[in-house]
Amino acid sequence: MGWYNVKPLFPGVYQVMEGQIVSFFLILGSRQSVLIDTGFGLKDVREIIRPFLTNEPMVVNTHVHPDHSNGNGYFSRTTMGQVEWEEHGLKWNNSTPRILSGDWVPSAFFETVGVKTRLFADFEPRRYDLFIANGLPVPVHLWKEGDEIDLGDTVIEVFHMPAHTRGSLCLLDRRRRILFAGDTLSKGGPWWLHLKCRATMEVCFHTYSRLALLAEKVDHILPAHGEPVLPGDFLTEIARKMESVRRSDIRGETVENYGGRGYYYDFGGYGPVFAKSVAV
Ligand SMILES: [Zn+2]
């Protein structure tokens, strides 16, 4: 396995798996193609996906965390949710390069054991830091709940799903019946809903119940982490489990990671980490 692996998952849908850490997705449309997220951007992502392109893709970010948007700089047209840009992205755009503040060194992550061994030989941490220092390009469009992106032979429906970040999007390919979930849900580990950029718990509960309403339109869910393809009825299952968290039927266990302290509600090897415990 190389650092980047491109794999067709469905007709016209490619998964780009990066470092076995994160996935992003190319959807080919007859008139317009979209790239959902751009990964860490360690290499020229446009070049990685070029052999599969039929027209120039527009980037749509699910959210701006570095493993989903650092590759934006390789594309001329990037877009994201309006709330995500205003609340998180603006702090990190061309005029406010975070790396110069000294509190965050992007390449440091790639020096960690386990990640470093999987990197390609010619990875240059300094060049990567300089690339990231350019910041996020200013989006050419900001999406809102209910917007539709016309690809020609299908339509992408935009859903604002605040939880992991307050501006996160989930995107539904209407014809293919595929939901691109970003970091809103996954199977294979905890969902970080305790970060600074999080939505409140009440908003999260509302988000997951809204997701359950989409189940009838979804055959497959493609999250950015964990198991690559989940069945549509996973949406109803997690809404049911979230409801038992809300009613304090499940107890959270304290966890601590670099995102801070939180309470993990184990749904069976996956589930939410909230900043607060529900049980009193
Ligand atoms: Zn994230």
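Atom set for the values below is all heavy atoms of this structure, side chains included, hydrogens, waters and symmetry mates excluded. Both counts, for ligands and for their atoms, begin at 1 and track the order of listing. The first residue in the sequence is number 1, and the count goes up from there.
Listed by chain and number, the residues in a ring pair (Phe, Tyr, Trp, His ring centres under 6.0 Å) with H160 amount to none (sequence neighbours excluded).
Two rings, from H164 and H63, have their centers less than 6.0 Å apart. The ring of F40 has its center closer than 6.0 angstrom to the ring center of F110.
Among residue pairs with one or both ends in residues 167-181, those qualifying as salt bridge (charged side-chain N to carboxylate O under 4.0 Å, His left out) are E148-R174, D153-R175, E157-R174, D173-R176, R177-D219; sequence neighbours excluded.
Cluster partners of L213, using a side-chain heavy-atom cutoff of under 4.5 Å among ILVMFWY residues and allowing indirect links: none.
When each of F25, F10, F159 is checked for a ring-ring contact (aromatic ring centres under 6.0 Å, His included) with F180, only F25 meets the rule.
With waters left out, the protein N, O or S atoms under 2.8 Å from the Zn ion (ligand 1) add up to 4.
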